[in-house]
Every structure is written in C-alpha cells, then in structure tokens.
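One structure is given below, encoded as structure tokens.
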Amino acid sequence: MDDFDPSREAAVARDRDDPLSALRDRFSLPDDEFYMDGNSLGPLSTDAEDTLSRVVDEWRELGIRGWTDTDPDWFNYGEHLGERLAPMLGAEAEEVVVTNSTTVNIHTLIGTFLDELRGEGGPLTVLANDLDFPTDHYAIRAQLRQRGLDPDDHLHLVESRDGQTIEEEDVVAALEEEEIGIVFMPSVLYRSGQLLDIERITEAAHDNGAYAGFDLAHSVGAVDHDLSAHGVDFAVWCTYKYLNAGPGSVGGLYVNERHFGTTPALAGWWGNDKETQFDMSLTYDPAQSAGAWQIGTVHMLSAAPLEGSLDIFDEAGIEAVREKSVALTDALAALVDERLPECEVGTPRDAARRGGHLAIEHPEAYRVSLALKDRGVVVDFRQPNVVRVCPAPLYTSHADVWDVVEILREILDEETYTEYDPRGAGVT
C-alpha cells in the first residue's frame with residue numbers, strides 16, 4: 001500500500017472502476033447511515049425479500065402441496081440451497097446442505113466424529129483455541145460430557161501469543177505433541193478478523209491422524225473456499241452475516257463425501273434418505289450425502305431469503321467479492337494508519353491472513369462505538385478494546401470507507417466519546 005492515495009477523490013475514482021458497485025442499489029440501506037456491521041447481520045436485499053414473499057405466496061395458495069408442487073419444491077429445499085452454495089465453498093453439491101443452526105450443526109458433527117473415533121479406538125479429544133467464539137466451546141464441551149468425558153481433560157486449546165491471533169505453527173505443534181482426535185478451528189477469528197490457513201491445518205490434522213473441521217461463520221460470503229480439494233472433513237456456518245439471509249436464518253454444513261454413510265450423532269427424520277423417508281420405518285436410513293445431517297423439517301421461512309441472496313452472489317462471483325473485500329479492508333487499514341494515530345489495526349495486514357472485517361483497537365473502544373452509532377456508523381464492539389468495522393463488498397463503497405474514517409477521526413479529535421457511560425450489560 002506504499003502507493004495508496006488517501007484522498008476522498010481517489011476513493012471515488014476506485015468506486016467508478018468497481019464492477020460490483022451497481023449491486024448496492026439492491027440492498028435496503030438508510031441514506032443517513034453507513035452500514036459496517038455485515039459481519040454480524042447482513043442487510044435485506046430486494047432479491048431476498050422477493051424469494052421470501054414467493055414462499056409466503058406458495059404457502060397461501062398451495063398449503064401442504066408446497067412440499068411437492070413448487071419450483072424449487074420445499075421437500076428438497078435444503079439440498080437445493082446446498083447445491084447452490086457448493087461452488088462458493090469449493091465443494092460437490094452432495095457435500096453441502098442448508099439446515100439447522102450453526103450451534104446445532106457443531107453439536108451433531110462434533111458428536112458424529114467423536115463417535116467415529118470411539119469406534120476406531122482413536123483419541124476422544126478436540127483441539128480448539130482460546131480465541132474461539134463461545135458457542136463452539138459450549139457445544140464441544142456438551143458433546144464430551146454426553147460421552148462421559150471430562151471436557152477439562154479432553155478439550156485442548158491452542159493459546160494465542162498476542163491475544164489477537166493464532167499461529168498455525170502452534171496448531172501444528174499441538175497436533176504433534178498431544179493425542180488429538182478432532183481439530184475444530186474457525187476460518188476467521190470473530191474478534192480480530194484473522195483468516196487461518198485451512199489447507200495447512202487440515203494437512204497437519206490428517207498427518208497426525210485427526211479429523212479437521214471448521215467454523216466458517218465469518219468467512220462464507222466474503223472468502224472463497226476450496227474445502228474438498230483441501231480434504232476438510234466437515235464444516236459449519238451461518239447465513240445471516242455475509243450471505244445476507246436475515247436474522248436467525250438457517251445454518252449450513254459440509255461433510256466430505258468420504259464420510260457419507262456415517263451415522264449422525266443427532267439423527268432426525270429429515271436426514272433420512274428421501275426415497276424411503278415416507279416408508280415411515282422406525283429404523284433410520286440415512287441419506288448418502290451431507291443431507292443425512294439434517295434433523296428436523298426445513299425451516300422454509302428462514303431459508304427462503306437465502307435463495308434470493310444467492311442470486312446476487314451468482315451474478316457477482318465469489319472471486320470478485322473476495323477481491324473487492326480485500327481492496328476495501330486494505331484501504332480501511334491504510335486510512336487508519338494515515339489518519340488515526342490513536343488507533344491500531346488488530347487484524348493481520350497480509351490479505352491471505354485477513355477475513356472481511358477489521359479490528360480497530362482503541363482503549364475507549366466501547367464508548368467510541370456508541371459515538372459512531374450516534375453519528376450514523378453502524379459497527380459493533382468486542383472485548384476488550386475492539387471496534388469491528390466491516391466494509392462488506394456487495395453494498396459498501398470506497399467512499400463509504402473514507403467517510404467512516406473521517407467520522408471516527410472527528411470523534412477522536414473532539415473526544416465526543418467521553419459523553420457516553422462506560423460499558424454496561426446488553427448487546428454490543
């Protein structure tokens with residue numbers, strides 16, 4: 001970024017050359033706000049609203065016939081959406097299904113592979129890290145307890161050296177030094193935005209006899225993946241962040257085809273083979289695909305918006321989305337360096353180690369985040385000192401990034417954040 005031009009005029013010029021700029025008009029974005037929180041909840045698009053409205057109309061007009069008489073039909077909807085997501089993940093269609101929630105998918109997949117390890121005589125241990133999103137640990141520890149295992153003994157953690165990032169070499173070292181059955185890591189750390197090397201971690205896991213699984217919640221829709229080529233065993237994610245499918249929208253999962261036929265830890269009717277599902281047998285007949293890890297009936301009203309959102313990704317192409325994401329976060333980091341001496345960027349500068357958001361660090365990050373929100377900049381705060389800023393590429397411009405940094409500079413120069421109370425309880 002040595003030749004980076006920090007002027008607003010240069011930002012506007014970059015927008016003129018942006019092939020994705022027209023997509024912004026398809027999102028509901030208030031004129032007086034800068035929406036920089038798409039890593040927590042993406043905004044509504046006309047496309048997502050249209051497919052949700054279509055399914056509501058189908059329900060109204062067809063009732064129960066919607067399971068079979070719609071296009072796409074509801075009965076196979078999770079598999080249909082999985083097929084559409086698969087190219088974004090570098091996976092085969094049968095390896096992806098849209099179903100459950102992220103936490104439920106962690107439960108069923110960690111449980112599944114713990115059961116496989118028990119049958120193989122392998123170590124019933126999981127390797128995670130101390131910067132994980134809490135729900136990952138809650139689910140892992142619960143699955144260990146359900147198998148009579150003490151989580152304090154069977155959940156091993158890679159410790160961060162700096163409180164911001166995880167070194168892949170420390171993951172490799174833990175695999176070589178400990179008896180590990182499953183490695184479960186995030187693709188992107190939720191606080192700092194560090195992008196981990198999935199290929200390297202997977203290779204190290206397999207070299208040491210462990211399964212490799214990943215939580216892709218902070219990367220799907222912002223980073224292009226190649227799960228099957230890397231040999232990843234399983235992965236989970238949500239669809240309400242970069243995929244813009246709405247609050248509480250359905251989750252998704254990936255299972256490598258070599259594991260098809262494995263019995264899921266949380267078996268349910270919807271994971272039965274579709275050909276025999278209505279035989280109503282009391283013996284479970286799992287689908288020979290990732291669809292086997294579905295549990296209950298597809299949640300049509302929380303899945304339908306994803307269909308429309310994926311239309312936008314089909315037009316844009318995940319490679320172009322990633323390219324713009326890198327350009328926006330590069331620009332944001334350079335502007336912070338240039339104009340905000342009070343702040344530090346806590347996200348790796350190398351684009352290959354960075355997801356779609358930046359962690360901007362300041363000792364008064366909580367109160368700064370409140371001041372930003374009152375000035376029309378929608379961000380969030382994460383302990384202890386991080387303002388997360390996400391210039392999501394489908395609807396954020398370079399000029400937006402410049403303007404947000406300018407507002408932040410004014411807040412810091414004028415110390416308007418001192419007008420706010422220190423952090424209390426509640427959503428941040």
Side chain to side chain donor-acceptor pair (under 3.5 Å) between Thr239 and Ser249, worked out: CA-CA 6 Å; Thr239 63; Ser249 56; 2.7 Å; yes
Test side chain to side chain donor-acceptor pair (under 3.5 Å) applied to Trp293 and Thr112, step by step: CA-CA 9 Å; Trp293 279 266; Thr112 296; 3.1 Å; yes
Pair Leu175-Val183, side chain to side chain contact (heavy atoms under 4.5 Å, CB included): steps then yes or no: CA-CA 8 Å; Leu175 281 161; Val183 178; 3.4 Å; yes
Go through it in stages, so that I can follow the logic: the residues are Ser228 and Glu95, the test is side chain to side chain donor-acceptor pair (under 3.5 Å), and I'd like the CA-CA distance, side-chain angles, deciding distance and then a yes or no. CA-CA 9 Å; Ser228 295; Glu95 294 177 316; 2.5 Å; yes
For side chain to side chain donor-acceptor pair (under 3.5 Å), just list the numbers for Asp50 and Ser53, CA-CA rounded to whole Å, side-chain angles, deciding distance to a tenth of an Å, and then say yes or no. CA-CA 5 Å; Asp50 287 346; Ser53 296; 5.5 Å; no
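Taking the six-membered ring for Trp and thresholds of 30 and 60 degrees, Tyr366 and Phe381 have ring planes more than 60 degrees apart, a perpendicular arrangement.
In this structure, the side chain of Thr202 does not engage the main chain of Ala212 through any donor-acceptor pair within 3.5 Å. Side-chain N or O atoms of Arg118 include one that pairs as donor or acceptor with a backbone N or O of Arg147 at under 3.5 Å. Although no hydrogens or angles enter the test, the distance criterion places no donor-acceptor pair under 3.5 Å between the side chain of Arg382 and the main chain of Arg191. Looking only at distances, no side-chain donor or acceptor of Arg388 sits under 3.5 Å from a matching main-chain atom of Gly193. Judged by distance alone, with hydrogens and angles left aside, the side-chain atoms of His137 form a donor-acceptor pair with the main-chain N or O of Asn129 at under 3.5 Å. Judged by distance alone, the side chain of Asn256 and the main-chain N or O of His259 form no donor-acceptor pair under 3.5 Å. Of the possible donor and acceptor atoms, one in the side chain of Asn105 sits under 3.5 Å from a partner among the backbone N and O of Thr99. In this structure a side-chain-to-backbone donor-acceptor pair under 3.5 Å is missing from Trp270 to Gly291. Listed for the Thr329 side chain is a donor-acceptor partner under 3.5 Å among the backbone atoms of Val326.
With salt bridges taken as basic N to acidic carboxylate O contacts below 4.0 Å, none links Glu338 and Arg409. Using a 4.0 Å cut-off between charged side-chain N and carboxylate O, Asp311 and Arg84 make a salt bridge. Using a 4.0 Å cut-off between a side-chain N of Lys or Arg and a carboxylate O of Asp or Glu, Arg353 and Asp197 do not qualify as a salt bridge. Under 4.0 Å is where a charged nitrogen must lie from a carboxylate oxygen, and between Glu203 and Arg200 no such pair does. A salt bridge does not link Arg24 with Asp15: every distance from a Lys NZ or Arg NE/NH1/NH2 to an Asp or Glu carboxylate oxygen is 4.0 Å or more. Contact check on Asp337 versus Arg349 returns a salt bridge, with a Lys/Arg side-chain nitrogen under 4.0 Å from an Asp/Glu carboxylate oxygen.
Partner of Ser309 under the side chain to side chain contact (heavy atoms under 4.5 Å, CB included) criterion, out of Asp47, Asn244, Asp314: Asn244 alone.
Ring-centre distance between His225 and Tyr254: not below the 6.0 Å cut-off. In this structure, His218 has its ring center at least 6.0 angstrom away from the ring center of Phe133.
Sorted by first and then second residue, the pairs that involve residues 293-308 and meet salt bridge (Lys or Arg N to Asp or Glu O under 4.0 Å), not counting sequence neighbours, are Arg54-Glu307.
More than 12 heavy-atom neighbours from other residues, nucleotides or ligands sit within 6.0 angstrom of CD on Gln164.
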